[in-house]
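First the structure, in the form of structure tokens, and then the observations on it.
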Amino acid sequence: AQQGRVREKTYGKQKIYFADQEQLPAASDAELRGLDGEIAALSAKVQALQQSCRQLEAELKDLNSSMTTPEMAKESEQLRKDCVSYAERLERIKSATNHVTPEEKEKVCSEQKLYCKEWRRRKRMATELLDAILEGYPKSKKQFFEEVGIETDEEHNVTLPAAV
């Protein structure tokens, strides 16, 4: 620093030393333009390489996430076994002699609808009757049900099937 080759700057308690740029030769405009062109060319090359790297990483990720040939063979064999077992099951079902005819199925469905409709009607009637009794009853609904011995569908986790 005393010889003038390095400059010194003091910031509070710190000192910074750097090369004296006045001793360096000044670059001409042509040299600066040439360096700018070289920087632009290198920046474009860096961008192209980064894009290529991203594409290769994406391809690698795809390849790593796909199944290998042995895994594919194992999966294919498992699917074949499943297919054979399903075909056997289908054959057993087709060859069974206890099929339900559409008429029997329709009869059962209509009976279920009838019974559910009746269940709803009777439940509604019972609820209306109990509500009428509870209007003048001094205790709670739960206490009344306990005294009379009424068991509700809800106590036994029973629900009416949805109307079809």
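How far CD of Q51 is from CZ of R54: 4.5 Å, rounded to the nearest 0.5 Å. Rounded to the nearest 0.5 angstrom, E88 CD and I93 CD1 are separated by 12.0 Å. A distance of 4.5 Å separates CD of E8 from NZ of K15, quoted to the nearest 0.5 Å. The OG1 atom of T69 sits 9.0 Å away from atom CD of E71, with the distance rounded to the nearest 0.5 Å. Between the CG atom in L42 and the CD1 atom in I39 there is a gap of 8.0 Å [rounded to 0.5 Å]. Here S43 contributes atom OG and E38 contributes atom CD; the two are 10.5 Å apart, rounded to the nearest 0.5 Å.
When atom types are taken as modelled, the side chain of S110 and the backbone of E106 share a donor-acceptor pair closer than 3.5 angstrom. Without hydrogens or angle criteria, T127 side chain to K123 main chain gives a donor-acceptor distance under 3.5 Å.
Hydrophobic cluster of V148: the remaining members, joined at side-chain heavy-atom separations below 4.5 Å, are L129, L130, I133, L134, Y137, F144, F145, I150, listed by chain and number. Under a 4.5 Å side-chain heavy-atom criterion applied to ILVMFWY residues, the cluster that includes L49 comprises that residue alone.
Between the side chains of S85 and R89, no donor-acceptor pair is found at a separation under 3.5 Å.
When all heavy atoms of R120 and P161 are compared, the pair lying nearest together is NH2-O, 2.6 Å.
Salt bridge status for R121 with E118: present, with a side-chain N to carboxylate O gap under 4.0 Å. A salt bridge between E154 and K142 is absent, with no side-chain N of the basic residue lying under 4.0 Å from a carboxylate O of the acidic one.
In this structure, Q78 and K74 have side chains that are not in contact, with every pair of non-hydrogen atoms separated by 4.5 Å or more.
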Only distances under 3.5 Å count here; give the side-chain donor-acceptor pairs of residues 57-64 to other protein atoms, sequence neighbours excluded, each with its distance to 0.1 Å.
from	atom 1	to	atom 2	distance (Å)
N64	ND2	L60	O	3.4

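Within a 6.0 Å radius of CD in Q14, other residues, nucleotides and ligands contribute 12 heavy atoms or fewer. At most 12 non-hydrogen atoms from other residues, nucleotides or ligands lie less than 6.0 angstrom from OH of Y11.
Hydrophobic clustering, with ILVMFWY side chains joined whenever heavy atoms are under 4.5 angstrom apart, keeps Y86 apart from V84.
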